[in-house]
Amino acid sequence: MEILMSILIGFLFMAAVYLILSRSLLRIIIGTGLLSHGTHLLLLTMGGLNGKAAPVLTDGVTNYVDPIPQALILTAIVISFGVTAFSLVLAYRTYKEVGTDNMELMKGTEDND
């Protein structure tokens, strides 16, 4: 199971880097979303996928899953959603003002420094 997750994480990181290095602003935003999803899966995989019991405080329970990675992932999901929403609004306003989402065409000229 961990090997399949590792392959999926690697694929998500590869696709994210490819999209982030493109010229389109929308592709960059999608790439950062994929990068955050890959990071979430990486944290989940490092936290353990061995199907142990839930962390319940009772006597005699010694074999349980660490809840810290799950809490970190939930926090990271909320943060990445907020950043993605802000980036999409910013990209929309940029497209309305400039008329393009190509990063090369958004560069200033020597007159606009």
Side-chain angles (χ1 to χ4, degrees):
M1 182 70 169
E2 287 87 9
I3 293 176
L4 291 175
M5 290 295 283
S6 300
I7 292 171
L8 179 62
I9 291 166
F11 179 76
L12 284 174
F13 281 166
M14 178 217 35
V17 169
Y18 175 76
L19 288 172
I20 288 173
L21 292 176
S22 69
R23 294 183 180 169
S24 174
L25 194 57
L26 188 60
R27 284 183 176 207
I28 293 170
I29 294 170
I30 292 171
T32 56
L34 284 178
L35 188 67
S36 68
H37 288 310
T39 306
H40 299 159
L41 287 176
L42 180 66
L43 284 173
L44 185 65
T45 305
M46 292 298 111
L49 297 172
N50 47 9
K52 294 181 182 176
V56 179
L57 296 175
T58 59
D59 294 333
V61 175
T62 59
N63 194 12
Y64 59 89
V65 176
D66 186 19
I68 298 296
Q70 296 170 9
L72 287 174
I73 291 168
L74 285 174
T75 305
I77 288 170
V78 171
I79 292 170
S80 67
F81 175 73
V83 169
T84 303
F86 177 72
S87 300
L88 285 172
V89 169
L90 195 62
Y92 176 72
R93 285 294 299 159
T94 303
Y95 181 75
K96 289 299 245 181
E97 291 293 323
V98 179
T100 184
D101 72 335
N102 191 343
M103 295 297 286
E104 291 292 321
L105 298 176
M106 286 186 209
K107 288 184 179 178
T109 60
E110 293 151 3
D111 298 336
N112 291 334
D113 284 341

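What you are looking at is a predicted structure, and each value in this text was computed from that prediction instead of being measured.
- At least one side-chain heavy atom of Thr32 sits under 4.5 Å from a side-chain heavy atom of Ile20.
- When hydrophobic side chains of Ile, Leu, Val, Met, Phe, Trp and Tyr are connected at separations under 4.5 Å, Val89 ends up as a singleton with no cluster partners.
- The distance from atom CG of Leu12 to atom CG of Leu41, rounded to the nearest 0.5 Å, is 6.0 Å.
- Note on Val83 and Val17: separate hydrophobic clusters, where clusters join Ile, Leu, Val, Met, Phe, Trp and Tyr whose side-chain heavy atoms are under 4.5 Å apart, directly or indirectly.
- Counting heavy-atom neighbours within 6.0 Å of Ile3 CD1, excluding the residue itself, gives a total of 12 or less.
- For the atom pair Leu44 CG and Gln70 CD, the distance stands at 7.0 Å (nearest 0.5 Å).
- Atom CG of Asn102 is separated from atom CZ of Arg27 by 11.0 Å, given to the nearest 0.5 angstrom.
- Contact detail for Gly31 and Leu19: the closest heavy-atom pair is CA-CB, 3.7 Å.
- Listed here is the closest heavy atom pair of Ile77 and Ser80: O-OG, 3.0 Å.
- To the nearest 0.5 Å, atom OG1 of residue Thr45 and atom CG of residue Leu4 are 10.5 Å apart.
- Atom CE of Met14 is surrounded by more than 12 heavy atoms from other residues, nucleotides or ligands within 6.0 Å.
- Tyr92 and Phe81 are not part of a single hydrophobic cluster, where members link through side-chain heavy atoms under 4.5 Å apart.
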Candidate pair Phe13 and Ile9, rule side-chain contact (heavy atoms from CB on, under 4.5 Å), full reasoning
CA-CA 6 Å; Phe13 281 166; Ile9 291 166; 3.8 Å; yes
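- In the hydrophobic cluster analysis, where Ile, Leu, Val, Met, Phe, Trp and Tyr join through side-chain heavy atoms closer than 4.5 angstrom, Tyr95 is grouped apart from Leu88.
- When all heavy atoms of Leu34 and Ala15 are compared, the closest pair comes out as CD1-CB, 4.1 Å.
- Taking CG of Leu72 as the reference point, atom CD1 of Ile68 lies at 6.5 Å (rounded to 0.5 Å).
- When all heavy atoms of Ile29 and Ser87 are compared, the closest pair comes out as CD1-O, 3.4 Å.
- We find the CD1-CE distance between Ile7 and Met5 to be 11.5 Å, quoted to the nearest 0.5 Å.
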